[in-house]
Amino acid sequence: MKKIFNILFYVLKFILLIAAFGLTLFIIIRMDIRLEKSIMSSFESFIPFIVIFILFMVNMIFRQVGVTKNLFYNLTCCLVLSTIVLVSLRAVLDTNMVLNGKYGYGIDFNFFDNFLAYINIMLYGLSVANIFFMFREKDVKENKVEKKVDKKEIKHKKVSKA
């Protein structure tokens, strides 16, 4: 059952990453059009998405088992990315928000802008956790190898003394 959930969340996190990035891009482009700014001025909002995407690709290419088979991390990724999707959809689709109807843009930019800092914090947190899990797997493998070597040495010493 754990393997099934892990595979489900592993695939779902890629779908949610694409959806979260697409919705964020859509809202920020509309916001830049409204403010008559260049998209390059909002590039810093997409840096955490790029970082997390690169880390996901590194995990997939180098088969980082500590990250890809970690149910807790995959579930956390799904929760964070689905939160970003839901907030983006609420900014776009919720017609009961005051500023959505007042300005007539169809998107409540203030609601999304207030949440933009939290998006970055959550994505950077996922990136840091991903990096920690990448190194954790190496440490676990090294510890298992050291324990096996220690056990062999202890057995060898016992045999030598007898």
Side-chain angles (χ1 to χ4, degrees), residues 1-140:
M1 194 66 165
K2 182 179 175 183
K3 277 186 170 183
I4 294 171
F5 280 129
N6 193 29
I7 293 169
L8 175 75
F9 290 132
Y10 181 72
V11 172
L12 189 61
K13 77 179 180 181
F14 288 105
I15 296 168
L16 288 171
L17 178 66
I18 293 168
F21 177 76
L23 286 168
T24 304
L25 180 67
F26 171 73
I27 293 172
I28 289 181
I29 287 174
R30 294 281 306 263
M31 191 182 323
D32 288 343
I33 290 171
R34 180 182 70 104
L35 297 174
E36 298 176 359
K37 292 182 1 184
S38 170
I39 187 67
M40 295 309 289
S41 63
S42 299
F43 181 71
E44 62 194 29
S45 301
F46 299 109
I47 292 173
F49 284 106
I50 294 168
V51 168
I52 199 76
F53 179 74
I54 290 171
L55 287 172
F56 284 176
M57 290 299 115
V58 166
N59 293 334
M60 192 183 326
I61 291 170
F62 294 114
R63 296 184 182 174
Q64 298 286 333
V65 178
V67 182
T68 57
K69 296 203 177 191
N70 192 333
L71 180 64
F72 177 70
Y73 178 73
N74 289 332
L75 176 64
T76 305
C77 284
C78 288
L79 289 174
V80 166
L81 294 171
S82 62
T83 302
I84 295 169
V85 168
L86 288 175
V87 167
S88 301
L89 287 175
R90 182 167 182 212
V92 173
L93 299 176
D94 192 0
T95 56
N96 293 325
M97 288 190 170
V98 175
L99 295 178
N100 190 354
K102 182 178 179 183
Y103 293 120
Y105 292 112
I107 299 173
D108 191 354
F109 296 116
N110 290 332
F111 175 75
F112 186 78
D113 190 44
N114 290 338
F115 191 72
L116 203 53
Y118 299 112
I119 289 174
N120 291 339
I121 290 170
M122 289 187 294
L123 290 175
Y124 282 128
L126 283 178
S127 301
V128 169
N130 192 332
I131 291 170
F132 282 152
F133 284 130
M134 288 168 86
F135 292 124
R136 180 185 168 272
E137 179 62 29
K138 292 177 184 175
D139 292 341
V140 169

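Computed from a predicted structure; not experimentally measured.
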Residues F26, I107; criterion side chain to side chain contact (heavy atoms under 4.5 Å, CB included); working and verdict: CA-CA 10 Å; F26 171 73; I107 299 173; 3.8 Å; yes
Donor-acceptor contacts, no H, no angles, side chain residues 124-134, under 3.5 Å, sequence neighbours left out:
residue: S127; atom: OG; partner: L123; partner atom: O; Å: 3.0
residue: N130; atom: OD1; partner: N59; partner atom: ND2; Å: 2.9
residue: N130; atom: ND2; partner: Y73; partner atom: OH; Å: 3.2

Rounded to the nearest 0.5 Å, what separates atom [atom1] in [X] from atom [atom2] in [Y]?
| X | Y | atom1 | atom2 | result |
| --- | --- | --- | --- | --- |
| R90 | L23 | CZ | CG | 15.0 Å |
| I119 | N114 | CD1 | CG | 11.0 Å |
| I52 | M122 | CD1 | CE | 11.5 Å |
| I121 | L116 | CD1 | CG | 10.5 Å |
| L89 | I84 | CG | CD1 | 12.0 Å |

Validation row: V92, F112 side chains within 4.5 angstrom (heavy atoms): no
Note, T68 side chain near R63 side chain (heavy atom, < 4.5 Å): no
Ignoring hydrogens and angles, write down the donor-acceptor pairs under 3.5 Å from the side chains of residues 7-19, residues two or more places apart or on other chains.
residue: K13; atom: NZ; partner: N74; partner atom: OD1; Å: 3.0

Counterpart residues, ring pair (Phe, Tyr, Trp, His ring centres under 6.0 Å), relative to F21 (two or more places apart): F46, F49
Flag if over 12 foreign heavy atoms under 6.0 Å of CZ, F115: yes
Evaluation steps, side chain to side chain contact (heavy atoms under 4.5 Å, CB included), between F56 and V67: CA-CA 9 Å; F56 284 176; V67 182; over 6 Å; no
Minimum heavy-atom distance between S45 and N120, given as atom pair plus value: O-OD1, 3.7 Å
Non-hydrogen atoms of I27 and F109 that approach each other most closely: O-CE2, 3.8 Å
